[in-house]
Amino acid sequence: MKITKAVIPAAGLGTRILPATKAMPKEMLPIVDKPAIQYIVEEAVNSGITDILIITNRGKGVIEDHFDRTPALEDALQASGKQTLYDSIKHIHTMANITYIRQIETKGLGHAVSRARTFVSGEPFVVMYGDDVILGDTPAAKELIDAYGEYGKGVVGVKKVSEEAITKYSSLQVEPIRDRVFKCTDMVEKPRVDEILSLYAILGRCVLPPEIFDILDRTAPGAGGEIQLTDAMKELARTYGMTAVEFSGKRYDMGNKLGILQANIEAGLQHPEIGDGLREYLKELSPML
């Protein structure tokens with residue numbers, strides 16, 4: 001079955017980067033000249049996704065505004081002959097069918113994803129975490145979708161992290177299948193040191209079958225007192241097995257101050273307008289480091 005739907009949970013409070021997120025959702029923080037969530041939506045579209053559900057909560061209406069039409073701005077750009085800018089603005093609201101639903105209570109990522117049951121309508125779907133931007137030559141979501149098509153099981157996007165970092169993420173039990181592809185049979189969220197299964201952690205992307213919703217319905221609150229998506233995927237992995245794909249792109253944590261700076265610098269170096277200038281500026285700074 002072709003996967004055409006993606007769910008982007010974007011209801012988090014962004015407390016790790018306050019006060020920047022007091023009035024601005026972390027998903028709207030810019031990477032050079034585009035908000036983080038636009039990179040995620042573009043990745044979805046470049047992976048064959050046509051329908052996207054963004055899960056928000058109070059104070060995140062600016063996300064909806066960003067992907068809506070802006071006739072006055074479009075008319076002004078056309079009238080002043082700024083065709084390239086006009087095309088870039090029009091692209092934002094025409095690249096996919098985007099709908100929204102609110103997570104009234106922030107009870108965890110698993111609870112947020114459970115709100116997508118009607119939207120998914122019995123189909124496999126991609127989950128793209130709203131604070132994880134992944135940049136690379138091949139869209140990470142496409143790499144996972146391709147693995148779903150090949151193996152027919154739920155897929156998690158993974159990277160190796162340090163032993164210190166793994167306790168902040170999820171640890172997976174994996175067995176190699178081929179280069180960068182693994183069989184996943186178990187996982188634990190925010191493991192204690194004695195619970196670490198491997199240093200492979202889920203980072204920002206997964207493809208899930210519709211069976212995940214029934215599992216989420218019976219998933220009890222876990223780490224942090226929240227309904228953890230990892231706990232539901234653990235049952236999926238133990239019962240049906242899952243596939244883990246070490247995606248080729250680089251992941252930036254947009255809920256982390258250093259991650260935001262890294263994304264801006266590295267994307268800026270590739271930007272056609274400012275790349276050369278930024279590179280020279282960094283060279284000037286290098287003696288100070």
Taking NZ in Lys142 as the centre, count heavy atoms belonging to other residues, nucleotides or ligands within less than 6.0 Å. Is the count above 12? no

- Should Leu172 and Phe182 be marked as a side-chain contact (heavy atoms from CB on, under 4.5 Å) after you check the CA-CA gap, both sets of side-chain angles, and the distance that decides it? CA-CA 10 Å; Leu172 277 61; Phe182 307 84; over 6 Å; no

Review point. What about Val113 and Met187, same hydrophobic cluster or not, with Ile/Leu/Val/Met/Phe/Trp/Tyr joined at side-chain heavy-atom distances under 4.5 Å?
Key: yes

When rounded to the nearest 0.5 Å, the distance separating CG of Leu216 from CG of Asp231 is 9.5 Å

On a heavy-atom basis, the closest approach of Ala267 and Leu135 is CB-CD1, 4.3 Å

Step through it carefully: locate the ring centre of Phe213, locate the ring centre of Phe125, and say whether they are under 6.0 Å apart. yes

| query | Do Val158 and Leu236 share a hydrophobic cluster, counting only Ile, Leu, Val, Met, Phe, Trp and Tyr and linking them when any side-chain heavy atoms are less than 4.5 Å apart? | reply | yes

Here the pair of heavy atoms bringing Met242 nearest to Ala237 is CG-CA, 3.7 Å

What one should report as the nearest heavy-atom pair of Gln103 and Asn57 is O-CB, 3.6 Å

Side-chain heavy-atom pair Ile212, Met233 within 4.5 angstrom cut-off: yes

Practice item. Start with the C-alpha gap between Ser47 and Leu144, add the side-chain angles, then the distance that decides, and say whether side-chain contact (heavy atoms from CB on, under 4.5 Å) holds. Key: CA-CA 9 Å; Ser47 302; Leu144 271 62; over 6 Å; no

* **Audit row: Val41, Met95, side-chain contact (heavy atoms from CB on, under 4.5 Å) steps and yes/no** => CA-CA 9 Å; Val41 169; Met95 57 181 163; 3.6 Å; yes

* Hey, mind stepping through Gln78 and Tyr86 against side-chain contact (heavy atoms from CB on, under 4.5 Å) and telling me if it holds? -> CA-CA 6 Å; Gln78 281 195 306; Tyr86 168 79; 3.5 Å; yes

Does the side chain of His111 come under 3.5 Å of the side chain of Glu226 through a donor N or O and an acceptor N or O? no

Around Arg58, counting heavy atoms of other residues, nucleotides and ligands shown, do more than 12 lie under 6.0 Å from its CZ? no

**Item:** Val155 side chain near Lys153 side chain, heavy-atom distance below 4.5 Å
**Value:** no

- Is Val156 reachable from Val181 through a run of hydrophobic residues whose side-chain heavy atoms are each under 4.5 Å from the next? no

In this structure, CG of Asp65 is separated from OG1 of Thr70 (nearest 0.5 Å) by 10.0 Å

| said: For Asp276, is the CG atom crowded, meaning more than 12 foreign heavy atoms sit under 6.0 Å from it? | reply: no

The side chain to side chain contact (heavy atoms under 4.5 Å, CB included) partner of Thr99 among Leu53, Ile52, Asp51 is Leu53

Residue pair Tyr169 / Ile202, side-chain heavy-atom distance below 4.5 Å: no

Under 3.5 Å, side chain of Asp68 to main-chain N/O of Glu64, donor-acceptor pair present?
no

Is any side-chain heavy atom of Val126 closer than 4.5 Å to a side-chain heavy atom of Ile145?
yes

Regarding Gln83 and Asp87, do their side chains bring together a donor and an acceptor under 3.5 Å, going by distance alone? yes

field: Ser248-Glu143 side chain donor-acceptor pair, cut-off 3.5 Å
entry: yes

Residues at least two apart in sequence or cross-chain that pass ring-ring contact (aromatic ring centres under 6.0 Å, His included) with Tyr148, listed by chain then number, are none

Taken to the nearest 0.5 Å, the spacing of Ile265 CD1 from Ile260 CD1 works out to 12.0 Å

CG (Leu269) and CG (Leu278) are apart, to the nearest 0.5 Å, by 4.5 Å

Note to self: Grouping I, L, V, M, F, W and Y whenever their side-chain heavy atoms are under 4.5 Å apart, do Ile8 and Val62 come out in a common cluster?
What the structure shows: yes

One should read off an interatomic distance between Ile40 CD1 and Asp132 CG, to the nearest 0.5 angstrom, of 7.0 Å

Closest non-hydrogen contact found for Pro9 with Ala112 is CB-CB, 4.4 Å

query = So, does Glu43 use its side chain to make a donor-acceptor pair with the main chain of Ala141 at under 3.5 Å?
reply = yes

Tell me whether Tyr39 contacts the main-chain N or O of Ile31 through its side chain, where contact means a donor paired with an acceptor under 3.5 Å. yes

message = Any side-chain to backbone donor/acceptor pair from Ser80 onto Leu77? Under 3.5 Å, distance only.
response = yes

Taking atom types as modelled and ignoring hydrogens, do the side chains of Gln270 and Glu266 form a donor-acceptor contact shorter than 3.5 angstrom? no

Of all heavy-atom pairs linking Ser198 and Val174, the shortest is OG-CG2, 4.2 Å

**Item:** Arg192/Glu195 ion pair, N-O < 4.0 Å
**Value:** yes

> Is a donor on one side and an acceptor on the other found under 3.5 Å between the side chain of Arg251 and the backbone of Val133?
Replying inline: no

dist His66:NE2 -> Ile92:CD1 (nearest 0.5 Å) comes out at 4.0 Å

Atom NZ of Lys159: over 12 foreign heavy atoms under 6.0 Å:
yes

Checklist entry - Can any side-chain N or O of Asn264 pair as donor or acceptor with the backbone N or O of Val32 at less than 3.5 Å? => result yes

Examine distances only and state if a side-chain atom of Glu280 and a backbone atom of Gly277 form a donor-acceptor pair shorter than 3.5 Å. no

**Q.** Side-chain heavy atoms of Val127 within contact of Arg205, under 4.5 Å
**A.** no

- Would the number of heavy atoms belonging to other residues, nucleotides or ligands and lying under 6.0 Å from CG of Asp137 be above 12? no

Take Arg117 and Asp214, measure what salt bridge (Lys or Arg N to Asp or Glu O under 4.0 Å) needs, and give me the verdict at the end. CA-CA 10 Å; Arg117 184 193 286 264; Asp214 288 340; 3.5 Å; yes

(Q) Side chains of Tyr129 and Leu109, heavy atoms from C-beta outward: is any pair under 4.5 Å? (A) yes

Shortest non-hydrogen pair, Ile166 vs Ser171, comes out as CG1-CB, 3.8 Å

| task | Kindly determine whether Glu123 and Lys2 satisfy salt bridge (Lys or Arg N to Asp or Glu O under 4.0 Å), including the steps that lead there. | result | CA-CA 9 Å; Glu123 300 177 22; Lys2 185 177 180 181; over 6 Å; no

